[in-house]
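Comments concern the structure below.
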Number of protein chains: 2
Amino acid sequence: MDTNDQGSSAAAPRPTVQDVARALGVSTATVSRALSGSPNVSTATREKVMRGAAQLGYQPNVLARALRQERSSLVGLVVPDVRSDFFAAASSVLQRALEEHGFRLILGITGDDPDADRDYLVTLLQHRAEGIVHVPCTDEGAAPLLGGVPTPPPVVEFLRQSRSNVADTVVSNEREGARQLAEHLIAFGHRRLAVLAGPDRFSTTRDRVGGFVDGADAHGLEVEVRYGLYDHDWTHRETLTLMAGDAETRPTALFAAGNRLVSGALQALSELGLRVPADVSLVGADDPDWFRGCTPSVTTFAAPLEQMGLVAAQTLLGRMRPKGRQPRVGPIHALLGGQLIVRGSSGPPAAGA
Amino acid sequence: MDTNDQGSSAAAPRPTVQDVARALGVSTATVSRALSGSPNVSTATREKVMRGAAQLGYQPNVLARALRQERSSLVGLVVPDVRSDFFAAASSVLQRALEEHGFRLILGITGDDPDADRDYLVTLLQHRAEGIVHVPCTDEGAAPLLGGVPTPPPVVEFLRQSRSNVADTVVSNEREGARQLAEHLIAFGHRRLAVLAGPDRFSTTRDRVGGFVDGADAHGLEVEVRYGLYDHDWTHRETLTLMAGDAETRPTALFAAGNRLVSGALQALSELGLRVPADVSLVGADDPDWFRGCTPSVTTFAAPLEQMGLVAAQTLLGRMRPKGRQPRVGPIHALLGGQLIVRGSSGPPAAGA
DNA sequence: ACGGTCAATGTAATCGTTATCATAGCCCGA
DNA sequence: TCGGGCTATGATAACGATTACATTGACCGT
């Protein structure tokens, strides 16, 4: 059973349609037709071909097929990071949805580096990807690159949006969510609010911060905002300094605007001996499973990631293989609402504070 | 600036080498040579071609290139789930390492469904992937499928290993890690131990459970083992029933053998009003950031995921494009050691228990 | 001045598939 | 019986790149 050994002595080439055709005494056209389920093949021939192909271990070369048909069946997915639940969950849904329609996913991870982002988009063009799901990490998005190319593939901006208003976008209403979180905290009586946020070049960051500030503003409150990285360790350090002041002046409520930030903040608060929510309330964004497992569990605003993945897939599919002559339609912007989930990490401020 | 609009009126085809050649009055061979950096092109010509190509927005069709050169530059990555840190972190490293060598990643997500797994491997064969990184979800792995195909691509089994001893494997020593966790708990004085584990068809599960049981066995202790799913909700429910007994008989220490399981267990313990580690100690596996943020932070055994990704990439690269005539070498099995990380969730059992 | 080397380019075959067109049989109605 | 419309099949030209081979000058030493 050591069939998977790496290379028999002569490195036999993979069989091709030619090989199958020759072995069965038919033409390559017949083989191709039989395997692709064309109606113009007799049942007898079809079965003969199927058997022959299986016997030789034939697997069609989809590169050749793609070349001939001018359709690669590839979709590019360009994300900053698969380690964050926010992207991972969404990618997962997208992958399923696209697979169902016969597309394969090429994965690019940019680490939010604009060069890597650009390189990856180029690669996708070269692979003749039929569509691209893009989580942009710059304000321009893919527009400048795709501008120079004839008939570029359709792009859906996902989770974040660039400022060039040319691509379809599928994003959640993070602004509204953050506003609700602010309202929620203020209703408890909090007055000194702070936000720990990622880099402000991402629309997600700007929306979360903006919404939270708006919510506070409506009640005449100021918010201390600290921009940084989407990173556990950064938030950990930043929270330590932010909460170092004495109980009368430091914030009584914290918004960690991303799931990676929540864990960093929690660690810092725990190290400072501050109890949540007795000493300080903490609210987050996104909703990974572990928000429920924490003690206390984390109040948060959750985007409908599953639904967003589906909508993105649908949007892209609509652009990729339009049936018939569809009217040309401008960029579609889907803004999906999320859900405020109140759990144990938010509560009234301490009496003395 | 609406360059990215979806299709100008005539759907201009993408330019090819032919177009570039014609536009410049040279042959396609010259264009190809110039762009691929062949030494046999005059500097003047090279620059002319570069400019012309850029001007037309030419992007080489890598499908055609792959067909001609018989090398796709694609590597398949087949994982059960990208939402788990365990896989996400490893995938991330792998992606970087392989990109550096000019390979692109095709991503398959199987959801631990053997059929999806098989389908995905077939797809990779059809794309002429030059190598496959496989997290198998069955004991056979990829062997039965690849057995029928001439010169199959090299496969590295990653994180889990199948029982067919034909592929290279890169796994962590989960067995030893689990043994250490058992020792750790027993040293505190725990006598009633339980394990919540994923499905036992995965080598990871078997190793973790096996190691833990071995560790207990060395001290003449029994372990209650519950197999289930790698899933927050399953663990949540299971922990509720497992810990329902009274304080004299229920386990005093719990091993949640996977990061998804830890969050489920924590939630259940919290709902039962059991304090960690005062009433019950909890130890986990893997080490996502949030293990540090939890209250208490989670004691765990962490595999060196970064390193494993690198080793897997190296192993695969060694098989894919061997320089010169390398001696044919049998399957390589890399077993990497991890680290016991003691944090706040483990401690001595309650005095009365 | 002549053959030879070498650099620069062109010509055309090739990779494996699909699709177009042509052809050969076959059935059926007029 | 003949021709029109099937159906099943074969021969072959694409798809867009790379590359082995052929060709053209230019240059150089004798």
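Note that the structure is predicted; figures quoted are calculated from it, not measured. Reminder, nothing fancy here: chain letters follow the sequence lines and each chain counts from 1.
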Checklist line | Side-chain heavy atoms of B/M320 within contact of B/P153, under 4.5 Å | finding: no
Notebook entry, point to check: With a 4.5 Å limit on heavy-atom distance, are the side chains of A/D139 and A/S162 in contact?
Noted result: no
Checklist line | Candidate pair A/E70 and A/R128, rule side chain to side chain contact (heavy atoms under 4.5 Å, CB included), full reasoning | finding: CA-CA 8 Å; A/E70 309 193 22; A/R128 297 299 186 263; over 6 Å; no
Checklist line | Nucleic acid contacts - residues 119-129 of chain B versus DNA chain C, non-hydrogen atoms under 4.0 Å | finding: none
Notebook entry, point to check: Does B/D115 come within less than 4.0 Å of B/R118, counting only side-chain N to carboxylate O?
Noted result: no
Margin query: Below 4.0 Å from chain A heavy atoms, what is the first contacting nucleotide of DNA chain C and what is the last?
Written below: C/dG16 to C/dT20
Next item on the list: Describe the nucleic acid contact of B/S36 in one word from base, sugar-phosphate, nothing, applying a heavy-atom distance below 4.0 Å.
Entry: nothing
Notebook entry, point to check: Is the closest side-chain heavy-atom distance between A/R319 and A/V156 below 4.5 Å?
Noted result: no
Notebook entry, point to check: Does A/T45 put a side-chain nitrogen or oxygen below 4.0 Å from OP1 or OP2 of D/dT9?
Noted result: yes
Can you tabulate the close N/O pairs, meaning under 3.5 Å, that link protein atoms to atoms of nucleotides 24-28 of chain D?
none

Next item on the list: Kindly compute the distance separating NE2 (B/H101) from CG (B/L316), expressed to the nearest 0.5 Å.
Entry: 11.0 Å
Checklist line | Matching residue for A/V41 among A/K48, A/R46, A/E47 - test: side-chain contact (heavy atoms from CB on, under 4.5 Å) | finding: A/R46
Check: OG/B/S91 to CD/B/Q95 distance, rounded to the nearest 0.5 angstrom?
Finding: 9.0 Å
Notebook entry, point to check: Mind checking whether B/L125 and A/R14 have side chains closer than 4.5 Å, heavy atoms only?
Noted result: yes
Margin query: Keeping A/E140 on the side-chain end and A/S164 on the backbone end, is there a donor-acceptor pair under 3.5 Å?
Written below: no
Notebook entry, point to check: Going by heavy atoms closer than 4.0 Å, what residues in residues 14-31 of chain A are next to DNA chain C?
Noted result: A/T16, A/V17, A/A29
Margin query: Just verifying a value: how many Å separate B/T315 OG1 and B/H333 NE2, rounded to the nearest 0.5 Å?
Written below: 11.5 Å
Check: How about A/R33 and A/T45: do any of their side-chain heavy atoms sit closer than 4.5 Å?
Finding: no
Item checked: Atom pair distance, as rounded to whole Å: CG in B/N40 and C1' in D/dC21 -> 13 Å
Check: B/L107 versus B/V79: any side-chain heavy-atom pair under 4.5 Å?
Finding: yes
Next item on the list: For B/S32, report the nucleic acid contact type (base, sugar-phosphate, nothing); a contact means any heavy atom under 4.0 Å.
Entry: base
Note to self: Using five pairs at each end of the helix from C/dA1-D/dT30 to C/dA30-D/dT1 to define an axis, what is the angle between those two axes, to 10°?
What the structure shows: 60°
Next item on the list: For the residue pair B/P60 and A/Q126, establish whether any side-chain heavy-atom pair is separated by less than 4.5 Å.
Entry: yes
Item checked: Residue pair B/A66 / A/L63: nearest heavy atoms and the distance that separates them -> CB-CD2, 3.1 Å
Next item on the list: Mind running a 4.0 Å heavy-atom check of residues 52-69 of chain B against DNA chain C and sending the residues that fall below it, in number order?
Entry: B/L67, B/R68
Notebook entry, point to check: Is there a donor-acceptor pair under 3.5 Å between the side chain of A/Q59 and the backbone N or O of B/V122?
Noted result: no
Note to self: Less than 4.5 Å apart, side chain to side chain, heavy atoms only: is that true for B/Y58 and B/V17?
What the structure shows: yes
Checklist line | Any donor-acceptor N/O pair, A/E157 side chain to A/H134 backbone, under 3.5 Å | finding: no
